[in-house]
Amino acid sequence: MTLSNGRAYLAIPGPSVMPDRVLAAMHRAAPNIYEGALPDMVETLWPDLRRVAGTTQNVALYIANGHGVWEAANMNLFSRGDRALVLATGRFGLSWAESVQALGVQVDVLDFGKSNPVDFERVEAALRADGGRYKAVLCTHVDTASTIRTDVPRLRAVMDAVGHPALLAVDAIAAFACDEMHMDAWGVDVLVAASQKGLMVPPGIGFVWFSEKARERCKSSDLRTPYWDWTPRADAAEFWQYWNGTAPTHHLFGLRESLDMLAEETMPAVWKRHEVLASAVWAAFDAWSAGNPAIGLNVADPAHRGRSVTAARFGAPHATRLREWTEHKAGVTLGIGLGMAAPTDPAYHGFLRVAHMGHVNAHMTLGALAVIEAGMVSLGIPFGDGALAAAARVIGHAA
Ligand SMILES: *Cc1c(COP(=O)(O)O)cnc(C)c1O
């Protein structure tokens, strides 16, 4: 039998759960793109988009997914033959490096593997050895594959201590509006995000915030083409220039609503909610793994874990069996294990991810954990006791 009828819960790290308020805001007739409700509303987005990022500087929007804003950032940042340093803590850092390299930029990658945070001594050594040539240092705030979180202020401090002039570019796609971000205070020059993760809007809007320093330093970047140029998008004289064409009409109404929801909750409370839900997930895994060492979290130290998504292992082939069970029997879709093993490798079936990103509350996370445990019971996967009680205690003590 199945127990999956009822509202399904997509617990993958993007697209995330869409709030009914966002969907309702998008449900309307096509708006006029030349005057009226849409252009008037869009003027209200800019202060909120800056506030959520923690910046008073520039923001450019693109009709794009995360891969699109990587390229937007790359093309504005670099000229052919420039050098970049990429800090990779998982598949997404490596993919950003590949997208920069494909444009003819000379990329050095510091690869910290699939389970380790950035080693700042290695970063410092690389920056010293470089002698000031890197135009930018690129990193992921949270790598969605490994779910490792990078200490961005510490990275800035290392760059400053070395006196390296590189710009700091951060992919916050998996972390934005989930994990704390203060772009200006943390000295971030370029920040990218996308609509379908913490912002709770369907995939289709990509964001690039950039500092005045980045604007100046990148004025002559020769990879830039008119469509991707961030300048008219940030300083549009006419409405169409924000998008270099037709606006993403309905997404923008959804975005307005999601920004209202974030403002009502307040960002510190949004960040805290994600941290508490993440902690409940981690507590459950600790208890499960106590009874089965094949079960475990990918990132050992909680300080280095993202707050929006958690990568875990169950031992092959149990992660895949469990994902299938939770989706088909109980209506919870968990994330695949991305970048931990090739899909053709049997080990691939030992990894999964639990998202707790965006429009997610205590009962959803506790429900997903209980469903995982039910799946282990049904499939005969051994696990340690007390996980659900431990997760409930985290929630109970925090709220
Ligand atoms: C989701 C994600 C991407 C890619 O976004 P797409 O919309 O799938 O192109 C890139 N980086 C990070 C950190 C992500 O979480």
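Just so you know, ligand 1 is whichever comes first in the structure, and atom 1 is the first atom listed for that ligand. No experiment lies behind these values; they were computed from the predicted model shown.
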Gap between atom [atom2] of [Y] and atom [atom1] of [X] - 0.5 Å precision:
X    : Y    : atom1 : atom2 : result
H141 : I173 : NE2   : CD1   : 13.0 Å
M181 : M267 : CE    : CE    : 10.5 Å
M364 : H359 : CE    : NE2   : 6.5 Å
Y9   : T333 : OH    : OG1   : 10.5 Å

Test side chain to side chain donor-acceptor pair (under 3.5 Å) applied to W282 - qualifying residues, sequence neighbours left out
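With neighbours one apart ignored, the set is T310.
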
For E43, is the CD atom crowded, meaning more than 12 foreign heavy atoms sit under 6.0 Å from it?
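Count over threshold, so yes.
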
With a 4.0 Å heavy-atom cut-off, what residues sit around ligand 1?
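The 4.0 Å shell around ligand 1 contains N65, G66, H67, W70, F92, V142, T144, D171, I173, A174, Q196, K197.
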
